[in-house]
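Okay, so here's the structure we're looking at.
To find a chain, count down the sequence lines: A is the first, B the second, and so on, and within it residues start at 1. These figures come from a predicted structure and were not determined experimentally.
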There are 4 protein chains.
Amino acid sequence: MKNEKELRRQTIIEIAAREFAEKGYDNSNINEIATMSGIGKGTIYLYFKTKKELYLATMQTVVDLFNESSKNVLNLEVTPLEKLKVCMELLFRFEEEGLPFLILWSRYQFQNNPDFQDEVHALFKDLEQPFCNIVKQGVKEGTFNTPYPEEAGYLILSMVTMLIPSLQAKPLLENVSKEEKVEFLVNLIQNGLSCKAIN
Amino acid sequence: MKNEKELRRQTIIEIAAREFAEKGYDNSNINEIATMSGIGKGTIYLYFKTKKELYLATMQTVVDLFNESSKNVLNLEVTPLEKLKVCMELLFRFEEEGLPFLILWSRYQFQNNPDFQDEVHALFKDLEQPFCNIVKQGVKEGTFNTPYPEEAGYLILSMVTMLIPSLQAKPLLENVSKEEKVEFLVNLIQNGLSCKAIN
Amino acid sequence: MKNEKELRRQTIIEIAAREFAEKGYDNSNINEIATMSGIGKGTIYLYFKTKKELYLATMQTVVDLFNESSKNVLNLEVTPLEKLKVCMELLFRFEEEGLPFLILWSRYQFQNNPDFQDEVHALFKDLEQPFCNIVKQGVKEGTFNTPYPEEAGYLILSMVTMLIPSLQAKPLLENVSKEEKVEFLVNLIQNGLSCKAIN
Amino acid sequence: MKNEKELRRQTIIEIAAREFAEKGYDNSNINEIATMSGIGKGTIYLYFKTKKELYLATMQTVVDLFNESSKNVLNLEVTPLEKLKVCMELLFRFEEEGLPFLILWSRYQFQNNPDFQDEVHALFKDLEQPFCNIVKQGVKEGTFNTPYPEEAGYLILSMVTMLIPSLQAKPLLENVSKEEKVEFLVNLIQNGLSCKAIN
DNA sequence: AATGAATGAGGTTTCATTCAT
DNA sequence: GATGAATGAAACCTCATTCAT
């Protein structure tokens with residue numbers, strides 16, 4: 001019973017995520033979400049009081065999925081750099097396993113997305129930022145050295161995102177393997193751009 | 001005469017940019033844009049055939065402003081690193097001098113913004129990416145060393161953007177001076193995160 | 001179920017016919033049609049995608065009503081002249097039983113009505129012209145004698161229409177009974193204006 | 001001076017007639033009429049206070065043109081039948097010499113045209129109906145024999161109109177010469193459809 | 001519980017008309 | 001006198017939401 005309700009709720013959210021990701025909030029259509037979910041329009045409203053609530057539930061799922069995914073990285077018994085790699089790979093994997101949610105995440109994380117900013121912001125308060133944690137941890141352990149660890153974490157996040165083609169207007173390194181991307185990024189983080197001349 | 005028309009056109013675009021940046025395309029209201037521009041609703045339609053056209057004209061202005069701003073950097077007679085600095089400062093300055101346009105730029109540059117993707121994409125084909133050019137130039141001159149110069153340019157861009165508080169859901173280094181941010185970034189680019197332990 | 005939908009569709013069309021007949025297409029108002037139908041504005045759009053489509057559906061109904069009405073005349077076992085009479089009476093009767101549809105019919109049949117000419121023309125391709133058929137039949141049987149039977153049919157049609165007061169700017173024979181009108185017309189068709197002098 | 005003003009007024013009316021005939025009142029556009037007249041939009045309003053007034057002036061011109069055209073027929077020293085012929089030819093000639101005005105005339109004369117019915121009706125009060133006059137005269141002289149001379153005039157009018165292809169949804173006798181049409185009509189008026197069998 | 005027919009607020013767009021130049 | 005830029009009322013249409021079945 002309860003499971004079935006919960007399952008249907010998830011189905012709706014998944015379809016909604018596809019719509020919201022593809023068309024944005026305003027151009028997404030409750031009717032179409034219902035049809036594509038294989039249920040009646042009125043039924044949507046048994047699960048979500050309003051379109052806005054459905055949107056927020058979808059964004060909550062974004063947060064949950066990301067937290068779920070990054071949950072165990074911090075406790076891995078590996079070097080901070082290894083953790084960074086694992087974390088990057090996790091993010092890259094989202095492109096295949098949950099693109100709509102990835103798009104919604106990025107739209108909020110990096111864009112001044114105007115859809116219910118306050119409410120979404122409140123949800124994202126709970127979003128773990130593993131890159132930040134790793135860098136902070138690394139700094140504590142003496143592995144990394146930066147005056148702004150938290151910010152460094154966000155910078156890494158933004159760089160990884162940059163290399164996810166589906167999220168970019170101009171796709172970058174489309175045909176490069178994830179391993180190479182990770183290597184590229186790690187190298188960059190380790191050595192900067194190697195400005196010998198200035199050193 | 002003609003100047004006056006062009007001036008009014010610019011006024012409308014500026015107000016529109018504010019609206020689009022704040023509320024997004026769909027929730028922006030031609031009526032309100034007219035009122036805030038101090039002109040009649042119908043007048044908007046003398047300058048722009050449709051709301052969509054106004055939006056695209058606004059996005060074209062975004063491209064123009066950014067190109068205008070970065071035009072002369074590449075030809076400066078300074079080291080690539082200095083150029084990077086100048087370029088970063090330019091970007092930071094947008095926050096004060098043209099925030100709505102900066103927001104619209106970022107919304108397209110980093111978000112999968114679904115509003116007229118194809119048309120906006122076509123406009124952004126003409127957008128210069130000075131960071132990319134500088135890195136490429138630096139690689140040629142031997143100052144920088146990276147297998148993916150273009151991509152490195154975009155990564156720098158995304159990092160600078162990360163440090164512009166107005167563009168971030170969670171503002172970073174809000175009270176840090178631009179000079180320090182530039183220094184932070186340049187240092188990062190030069191030395192990575194100084195992972196001595198791994199070296 | 002289905003019947004109820006169909007019934008409501010017919011109701012809308014009837015109200016719409018009244019509006020279109022009275023005010024013309026452009027000055028008819030979906031809102032008002034809705035109100036007069038006792039339903040909401042949006043409901044109209046459940047039955048007809050656009051105002052134009054409602055108009056065309058109304059014109060289709062015109063064709064259907066006229067065809068329905070004239071269906072059985074041709075097969076009557078009476079002389080062509082008798083058929084003409086029956087047919088005239090049918091037309092006269094429309095004034096009382098479906099004036100709006102009669103007006104819309106005449107507006108298209110005799111006026112260069114500019115509302116969606118091509119589309120309406122396509123609909124009227126299916127409109128039976130019983131007067132034409134009767135004259136053709138009569139010519140074949142030797143009852144009538146005219147070089148242009150089809151055209152003669154249309155001429156009769158136009159004459160009958162002329163004697164329907166509701167369709168004329170200057171009402172003719174307003175207080176004359178239909179029987180007398182029919183007699184007048186039949187006499188004219190049989191004998192013309194009896195120009196003895198010229199004979 | 002005055003002549004020039006009057007001339008320009010006529011030009012506007014002619015262009016307006018074309019627009020009104022082609023698109024109907026509501027879909028005709030003052031701006032377009034101005035442009036096609038080669039004058040400014042505001043200038044139209046120096047000649048006609050409103051669009052409606054321009055329309056009514058155009059319809060007044062219709063009446064004037066028709067009256068002008070039929071003025072001298074009644075006084076011709078020929079038989080009523082000959083007068084009918086001349087009158088028919090006059091009407092046929094309108095198709096080539098003033099089609100827009102002919103269309104506007106027919107739209108009002110035979111259709112329940114809803115554009116300013118009362119006002120247009122008032123104008124048409126002054127419209128001569130030569131066919132009616134001729135028949136009445138013919139009846140007086142004993143040439144014609146009909147209980148409803150006025151109505152017979154209108155019937156003839158409607159028949160002639162039927163044979164003007166530009167006025168009909170389904171053009172009739174498109175490739176038949178006017179002379180033959182006149183002959184056809186005159187014969188019909190004289191002898192009807194020659195129902196020998198019934199005689 | 002599930003449905004989808006019905007609703008009407010709200011926003012874009014057109015165009016007759018005005019008026020400052 | 002002539003102009004056309006500016007205006008805003010009005011109408012079509014969409015779609016989130018409700019509710020009777």
Side-chain angles (χ1 to χ4, degrees), chain A residues 1 4-5 8 25-35 37-55, chain B residues 1 4-5 8-9 12 25-35 37-55, chain C residues 1 4-5 8-9 12 25-35 37-55, chain D residues 1 4-5 8 25-35 37-55:
Chain A
M1 266 325 123
E4 201 177 327
K5 279 210 67 161
R8 189 176 270 209
Y25 177 78
D26 286 294
N27 290 307
S28 292
N29 187 309
I30 288 282
N31 205 9
E32 196 164 342
I33 292 172
T35 305
S37 303
I39 62 176
K41 184 177 12 180
T43 310
I44 299 273
Y45 284 85
L46 297 180
Y47 291 81
F48 306 94
K49 268 206 292 290
T50 63
K51 185 187 181 185
K52 175 180 173 182
E53 197 171 280
L54 170 57
Y55 178 71
Chain B
M1 276 316 128
E4 204 174 325
K5 280 211 69 161
R8 186 171 273 217
R9 209 185 112 97
I12 297 174
Y25 177 79
D26 286 293
N27 290 306
S28 293
N29 185 311
I30 287 280
N31 222 337
E32 196 164 341
I33 292 174
T35 305
S37 303
I39 62 179
K41 181 182 8 178
T43 310
I44 300 278
Y45 284 88
L46 293 181
Y47 291 81
F48 306 95
K49 270 204 289 291
T50 62
K51 184 185 180 187
K52 175 181 174 181
E53 198 171 277
L54 170 57
Y55 178 71
Chain C
M1 274 314 128
E4 202 174 326
K5 279 210 72 159
R8 186 171 273 215
R9 210 185 112 96
I12 297 173
Y25 178 78
D26 286 293
N27 290 307
S28 293
N29 185 313
I30 287 280
N31 223 337
E32 196 164 341
I33 292 173
T35 305
S37 303
I39 61 178
K41 180 185 6 179
T43 310
I44 300 277
Y45 286 89
L46 293 182
Y47 291 81
F48 307 94
K49 270 204 289 292
T50 62
K51 184 186 180 186
K52 175 180 173 181
E53 197 171 278
L54 170 58
Y55 178 71
Chain D
M1 267 325 124
E4 200 175 329
K5 279 211 68 159
R8 186 175 273 210
Y25 177 78
D26 286 294
N27 291 306
S28 293
N29 185 309
I30 288 282
N31 204 9
E32 197 165 340
I33 292 173
T35 305
S37 303
I39 62 177
K41 183 177 13 178
T43 311
I44 298 273
Y45 284 85
L46 297 181
Y47 292 79
F48 306 94
K49 267 206 293 290
T50 63
K51 185 186 181 186
K52 175 181 174 182
E53 196 171 280
L54 170 57
Y55 179 71

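Here the nucleotide nearest the side chain of D:N29, chosen from E:dT3, F:dT7, E:dA16, is E:dA16. Closest to the side chain of D:Y45, out of F:dC15, E:dT12, E:dA16, is E:dA16. Each of E:dA6, E:dT3, F:dT7 was ranked by its minimum atom distance to the side chain of A:R8; first place goes to E:dT3. Across E:dT13, E:dC15, F:dA2, the shortest atom-to-atom separation from the side chain of B:T50 is found for E:dT13.
In this entry E:dA6 has F:dT17 as its Watson-Crick or G-U wobble partner, both defining distances falling under 3.5 Å.
For B:K5 and F:dG4, the NZ to P distance is 11 Å, given to the nearest whole Å. One interatomic measurement links the two molecules: OH of D:Y55 to C1' of E:dC15, which rounds to 19 Å at whole-angstrom precision. Rounded to whole angstrom, the span from the NZ atom of A:K52 across to the P atom of F:dT17 amounts to 10 Å. Distance C:I30 CD1 to F:dT14 P: 11 Å, rounded to the nearest Å. Atoms CD1 (A:I33) and P (F:dC15) sit 12 Å apart, rounded to a whole Å. Taking atom CD1 of C:I39 as the reference point, atom P of E:dG4 lies 20 Å away to the nearest angstrom.
Taking the ring axis of B:Y25 as reference, the NZ or CZ atom of B:K52 does not stay both within 45° of it and closer than 6.0 Å to the ring centre.
Using a 4.0 Å heavy-atom criterion, one finds that C:S28 contacts the sugar-phosphate atoms exclusively. Looking at heavy-atom distances under 4.0 Å, C:L46 makes contact with a base. Counting any heavy atom pair closer than 4.0 Å across all strands shown, C:Y47 reaches sugar-phosphate atoms only and no base atom. Note on A:K41: a base of the nucleic acid sits closer than 4.0 angstrom, heavy atoms only.
Residues A:T50 and A:Y45 share a closest heavy-atom pair of CA-CE2, 4.2 Å.
When the nearest nucleotides of DNA chain F are assigned to B:I44 and C:K51 by heavy-atom distance, the more 5′-ward of the two goes with B:I44. Annotation: of the two residues near DNA chain E, C:G40 and D:G42, the 5′-most nearest-nucleotide partner is C:G40. Nucleotides of DNA chain F nearest to C:K49 and B:G38 differ in position, and the one nearer the 5' end is that of B:G38.
Among D:I33, D:N29, D:N31, the one residue that satisfies the side chain to side chain contact (heavy atoms under 4.5 Å, CB included) test with D:K41 is D:N31.
Remark: C:D26 CG to D:N27 CG distance equals 4.5 Å, nearest 0.5 Å. Rounded to the nearest 0.5 angstrom, C:E53 CD and C:Y47 OH are separated by 14.0 Å.
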